[in-house]
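For reference, the structure discussed in these notes is given below.
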Amino acid sequence: AWTNRNFVMKSYHIVKNKTLEIGGNVSNIKLASPTPVSTADWQTFSNVAYRYSVKYPKNWVYFQWRATAVDSTNDAYRETVGFDQGPKGNARIGGDIKISTYTQSFEATVADIKSQTSITNGPNKLEEEININLSGINYRKLTYTRFIPEPENYRPDDHQIYYIANNGNFSYVISMHPYRKYQAIDEEILESFQFK
């Protein structure tokens, strides 16, 4: 059963992600959302201090905070903004998709995320690491399985995903769980992220 499950998982990811090669490169991609989403009436969140903007649904809310559960001691960490369907004050911490800003190099940020999300700090295992270009921005994409060992209701797409980018003095970590219900919206938010 374990061997068959690994074969199914490998086949699934080769078809879905086109590559499992650590450090592979995929350029100018468009995310394949399960259903199309209209973004015509979306709001724009502009972060002047950390020089980026991102769009989000008009009925969603955002939260800004200075501390994170996984990394409150990193001197380079500045803030996180989480987007959620609300209502404000009731949404779970972090929302469906989060953008964290650091004042450190790209490679240092990648290393921090890897150490925070390693199997020694929680039930996560790095499954894929690739370089991609999305909407004109170069990212390092890290995909972690979320449960080790896997529970009975484990889904092959149950992951924690990080997109890491750099612009000048700032590095950005956009993180999400690809919940099927909001996957298309989360991916549109990610694709709308731009440097200012």
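Source: prediction; values computed, not measured.
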Could you report the tightest heavy-atom contact between [X] and [Y], atom names first, then the distance?
| X | Y | value |
| --- | --- | --- |
| N166 | G168 | OD1-O, 3.5 Å |
| I137 | Q194 | CD1-CA, 4.0 Å |
| S46 | S53 | OG-CB, 3.9 Å |
| W65 | G82 | CZ3-N, 3.6 Å |
| F193 | F195 | CE2-CE2, 3.6 Å |
| N167 | K196 | ND2-O, 4.4 Å |

(message) Please enumerate all residues that pass side-chain contact (heavy atoms from CB on, under 4.5 Å) together with N47, with sequence neighbours excluded.
(response) F45, A49, Y50, Y52, Q64, E79, V81

Could you check if a side-chain atom of [X] sits within less than 4.5 angstrom of a side-chain atom of [Y], using non-hydrogen atoms only?
| X | Y | answer |
| --- | --- | --- |
| V54 | F83 | yes |
| S192 | T39 | no |
| Y77 | V173 | no |
| I189 | W42 | yes |
| W60 | Q43 | no |
| K114 | Y144 | yes |
| I113 | Q116 | yes |

Any chance you could measure [X], atom [atom1], to [Y], atom [atom2], to the nearest 0.5 Å?
| X | Y | atom1 | atom2 | answer |
| --- | --- | --- | --- | --- |
| N169 | S105 | CG | OG | 11.5 Å |
| D75 | T103 | CG | OG1 | 8.5 Å |
| K141 | N131 | NZ | CG | 12.0 Å |
| K98 | I174 | NZ | CD1 | 12.5 Å |
| T101 | R78 | OG1 | CZ | 10.0 Å |
| I132 | R140 | CD1 | CZ | 11.5 Å |

(request) Look at the aromatic rings of Y56 and Y62 and report parallel, tilted or perpendicular, splitting at 30° and 60°. (result) perpendicular

(message) Please verify the inter-ring angle class for F170 with Y172; under 30° counts as parallel, over 60° as perpendicular, anything in between as tilted.
(response) tilted

(message) When you compare the side chains of Q104 and T109, does any donor N or O come within less than 3.5 Å of an acceptor on the partner?
(response) yes

(request) Establish, from distance only, whether the side-chain atoms of S100 and T80 form a donor-acceptor pair under 3.5 Å. (result) yes

(message) For E191, is there an ion pair with K55 - N to carboxylate O distance below 4.0 angstrom?
(response) no

